[in-house]
Amino acid sequence: VKHQPRISMLPTTHLGWWAVGLAAAFFPFVFAAAALPRGAAIGFVCGLAGGVVALMAIIRDRERALTVFVALVPLVVAVAFLLVELITGSP
């Protein structure tokens, strides 16, 4: 009997691949914000979208890849940043 690991490294579903791709686009866009106009906004949208797609892949498709769980990090960072900006206000 062959047992497959419950948690793999790479995604096995289409939603999992989309989540990883969108989350991977988060960091280059945010770090390139100084050179690219509206780069941070595009990065935060990619982070939010990647996190939502990762949640959908985890809940709906039962995706258990480690990279899909890591794709939730940009969602947490983007939501935390938005909450801090809303609470403290921008100058």
Side-chain angles (χ1 to χ4, degrees):
V1 175
K2 228 178 179 180
H3 295 285
Q4 292 197 356
R6 297 187 132 244
I7 295 179
S8 63
M9 191 61 130
L10 295 175
T12 57
T13 63
H14 292 292
L15 282 177
W17 281 107
W18 272 101
V20 170
L22 286 169
F26 171 77
F27 294 105
F29 277 119
V30 170
F31 291 132
L36 184 66
R38 305 279 187 236
I42 295 170
F44 279 110
V45 168
C46 286
L48 289 171
V52 170
V53 173
L55 282 174
M56 287 174 49
I58 291 168
I59 293 170
R60 192 178 86 177
D61 293 343
R62 297 186 190 337
E63 179 70 64
R64 295 293 179 252
L66 183 63
T67 52
V68 175
F69 287 110
V70 172
L72 294 172
V73 172
L75 174 69
V76 172
V77 170
V79 169
F81 180 79
L82 289 174
L83 286 175
V84 167
E85 285 296 318
L86 289 174
I87 291 171
T88 62
S90 52

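Residue indices begin at 1 and follow the sequence shown.
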Looking at [X] and [Y], what are the two nearest heavy atoms and their distance?
X   : Y   : result
P74 : G47 : CB-CA, 3.8 Å
P11 : T67 : CD-OG1, 3.4 Å
A25 : C46 : CB-SG, 4.1 Å

Side chain to side chain donor-acceptor pair (under 3.5 Å): pairs with one or both residues in residues 13-42, sequence neighbours excluded: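 The answer is T13-E63.
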With a cutoff of under 4.5 Å between side-chain heavy atoms, which Ile, Leu, Val, Met, Phe, Trp and Tyr residues group with [X]?
X   : answer
I58 : V20, L48, L55, V68, F69, L72, L75, V79, L82, L83
V84 : none
I87 : none
F27 : F26, V30, F31, F44, V73, V77, F81

In this structure, would L22 and F29 fall into the same cluster of hydrophobic residues linked by side-chain contacts under 4.5 Å?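 No, no single cluster joins them.
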Please list all pairs meeting ring-ring contact (aromatic ring centres under 6.0 Å, His included) that have one or both residues in residues 47-66, counting only residues at least two apart or in different chains.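 Residue pairs passing ring-ring contact (aromatic ring centres under 6.0 Å, His included), neighbours aside: none found.
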